[in-house]
Protein chains: 2
Amino acid sequence: MNDLSNHERAIELLQELGLKEYEAKAFVALTRLPQGTAKEISEISEVPRTRVYDAVRVLETKGLVEIQHASPQRFRAVSIDEAAETLRREYEERADSLRTTLREVEPAIPTEETEVTHEVWALSGASGITSRTQQLVDESDREVILVIGDESAYTPELRERLRAAEDRGVSVVIGITEESLRERVERDLPDAKVFVSGLEWLSSSVETGDETVIGRLLLVDRNTILVSSFHEAVGDGHDHEQAVFGRGFDNGLVAIVRRLMSTGLLSNVDP
Amino acid sequence: MNDLSNHERAIELLQELGLKEYEAKAFVALTRLPQGTAKEISEISEVPRTRVYDAVRVLETKGLVEIQHASPQRFRAVSIDEAAETLRREYEERADSLRTTLREVEPAIPTEETEVTHEVWALSGASGITSRTQQLVDESDREVILVIGDESAYTPELRERLRAAEDRGVSVVIGITEESLRERVERDLPDAKVFVSGLEWLSSSVETGDETVIGRLLLVDRNTILVSSFHEAVGDGHDHEQAVFGRGFDNGLVAIVRRLMSTGLLSNVDP
DNA sequence: TCTTATTGTGATTATCCGAGTGAACGGCTG
DNA sequence: CAGCCGTTCACTCGGATAATCACAATAAGA
């Protein structure tokens, strides 16, 4: 059963990597055989025999399969590593093209300049959130307060940005929910104030029974905040991080967090 | 005109990277603006206003766009590098998963063992051909004859494999059509016989007027051959390399090349 | 050599997904 | 209060792809 899922999983992955259903199925079938005829492939892959030919021909042009022209034709998959590498490189090249192409599209003149005193943005995906976090730290002027709810958020890059901020004279305050991280952070950032207590309200929200876990919480210059959370999605529950960040002293969201911080948290470090 | 193509090219690339048309168009529109409303996006991207919302929401979950919840909503694209990196990593992960997943699918028992005295396989794509070339060189036992018609085929990896073959006592003969490569090869492989003449029949096939150019030609142990060619496809003519390789002394293809080699080529080096 | 099973190609139909369009809801503004 | 804008939702249409079929080409066997 679990191994049956392996086939299916592989087929899904191949489709996500751009192959059609028949192509994916045929390829997986071929990886299970040293070589195979259309009939054999059809039998173990459930691809209609008459369609195997088309599928395999496409696979051949993609460099994933070799064809022996004989009667009957025989097909053979390239090695797993070679296939993975071929597909990976294909997308790598596309991503590079995209990068250079996008740089060349000329900007459109904004119809109108909207001044933004306060704003709240939503974003998702750990990587985007990480990058925005670092960016905000870089922008910091006087103070950075960062609560790390999930260890994965504390990356080496972030550490460097925090150090740089300290060097600029920015006051850095780090809150931690797991004692295990404390040592590392204190060693990394000797000038920073690090605390663990006062964060009970972060992790446990038993009363409401919600499954949301705070990943990071950043307050920059009492002016800009970023909050991220892991939402335990139903069923396929795993790591999708979502965040909002807000700017502007008068921003409602920022105000709330500022208050929250000053009562529960700042009392510990900024009397 | 050229810059118009830039938008279109970028949209195409994004679609190849898995985005839907509307998503791709909306994203490109957003990269042209510091930020934008649904209306603005619709105007410069030709995406129906009412569908901008769906598209952008998907982009947000992919970490490519940030959303400002206000009225009207405002959207902002992440930086070009961040977007490219995000997409690249997504596929990198898929390729890795594929690798490990494929390793775990159990082989199917071949219905029947077919003995293969001679076989001819077709394959395409420079990378696959390169790898098969190296593999054949690695298998060589006594003799390797390699004609390099296109400089790109002579990779550092190939050089190493050829060296290794020499060290095994294999006789290595290299044919070159471009004088420019000669020095490099002679320096790289002091023990190999390198020649340039006698290959006129390779490059020019004027009489038939065909556009095919030979990329590489490999003969291993007088037993296995590989021939690759660049087929100048109509219109979008560029570099798609196609190859066949054949095994078995009695293989017709191998026999032909063997004769060809002994008349036109081997007379120079193997009297 | 004729028969028959198997292999391969092409055409045809069915199904699904995404593009495109418009109705409807709610809030905001004049 | 009425009209406008922003937003969501439901629906149609078309193209791509999955699935089936009919038939030609080839090989195997009697």
Side-chain angles (χ1 to χ4, degrees), chain A residues 8 11-12 14-30 33 35-62 65-76 111-112 114 119-122, chain B residues 8 11-12 14-30 33 35-62 65 67-76 110-112 114-122:
Chain A
E8 287 161 7
I11 291 169
E12 276 175 26
L14 284 163
Q15 288 188 261
E16 286 171 7
L17 284 162
L19 300 194
K20 305 301 174 201
E21 182 182 339
Y22 285 170
E23 295 159 15
K25 286 182 175 174
F27 183 79
V28 171
L30 273 175
L33 300 166
Q35 60 178 245
T37 65
K39 190 183 177 190
E40 290 165 345
I41 293 173
S42 166
E43 278 162 2
I44 70 172
S45 71
E46 312 216 308
V47 174
R49 187 187 57 83
T50 63
R51 300 285 95 216
V52 170
Y53 301 99
D54 312 65
V56 158
R57 214 166 291 146
V58 174
L59 290 173
E60 197 269 352
T61 69
K62 299 202 176 197
V65 158
E66 297 171 1
I67 299 180
Q68 182 178 4
H69 296 291
S71 192
Q73 291 180 232
R74 298 193 155 266
F75 312 105
R76 169 202 291 177
T111 333
E112 183 182 348
T114 323
E119 38 177 352
V120 180
W121 296 85
Chain B
E8 288 160 6
I11 290 168
E12 276 175 25
L14 284 164
Q15 288 188 264
E16 286 170 5
L17 284 162
L19 300 194
K20 305 300 174 200
E21 181 182 338
Y22 285 170
E23 295 160 16
K25 286 183 175 173
F27 183 79
V28 171
L30 272 175
L33 299 167
Q35 61 178 244
T37 65
K39 189 180 177 189
E40 289 165 345
I41 292 172
S42 165
E43 278 162 2
I44 69 174
S45 71
E46 312 214 309
V47 173
R49 201 180 26 252
T50 66
R51 302 303 298 285
V52 170
Y53 302 98
D54 319 20
V56 159
R57 214 167 293 146
V58 174
L59 291 172
E60 197 267 353
T61 69
K62 299 202 177 198
V65 158
I67 299 181
Q68 182 178 4
H69 295 292
S71 192
Q73 290 180 232
R74 300 194 153 263
F75 311 104
R76 170 202 289 178
T111 333
E112 185 182 347
T114 323
E115 63 165 325
V116 200
T117 56
H118 65 287
E119 37 176 352
V120 180
W121 294 87

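Note that the structure is predicted; figures quoted are calculated from it, not measured. Convention: sequence-line order gives letters A, B, ...; per-chain numbering from 1.
- The overall bend of the helix from C:dT1-D:dA30 to C:dG30-D:dC1, read as the angle between its terminal helix axes built from five base pairs each, is 0° when rounded to 10 degrees.
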(Q) Can you build the contact string for nucleotides 9-29 of chain D? Use B for base contact, S for sugar-phosphate-only contact, and - for no protein heavy atom under 4.0 Å. (A) --------SSBBB-----S--
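- Rounded to a whole Å, the CD1 atom of B:Ile11 is 12 Å from the P atom of C:dA19.
- Note: CD (A:Gln73) to C1' (C:dT7) measures 9 Å, nearest angstrom.
- For B:Tyr53 and D:dC5, the OH to C1' distance is 9 Å, given to the nearest whole Å.
- With sequence neighbours left out, A:Glu66 forms a salt bridge (charged side-chain N to carboxylate O under 4.0 Å, His left out) with A:Arg76, B:Arg132.
- A side-chain donor-acceptor contact under 3.5 Å links A:Glu40 to the backbone of A:Thr37.
- Atom CD of B:Gln35 sits about 10.0 Å away from atom CD1 of B:Ile41, to the nearest 0.5 Å.
- Distance CD (B:Gln68) to P (D:dG6): 15 Å, rounded to an integer number of Å.
- Under the 4.5 Å side-chain criterion, counting only non-hydrogen atoms from C-beta, A:Phe75 is in contact with A:Tyr53.
- At a threshold of 4.0 Å, the pair A:Asp54-A:Arg51 counts as salt-bridged, since one of the basic side-chain nitrogens sits closer than that to a carboxylate oxygen.
- Atom NZ in B:Lys62 sits 15.0 Å away from atom CZ in B:Arg57 (nearest 0.5 Å).
- B:Ser45 contributes atom OG, which lies 9.5 Å from atom OH of B:Tyr22 (distance to the nearest 0.5 angstrom).
- Atoms CG and CZ, on A:Leu33 and A:Arg74 in that order, are 10.0 Å from each other to the nearest 0.5 Å.
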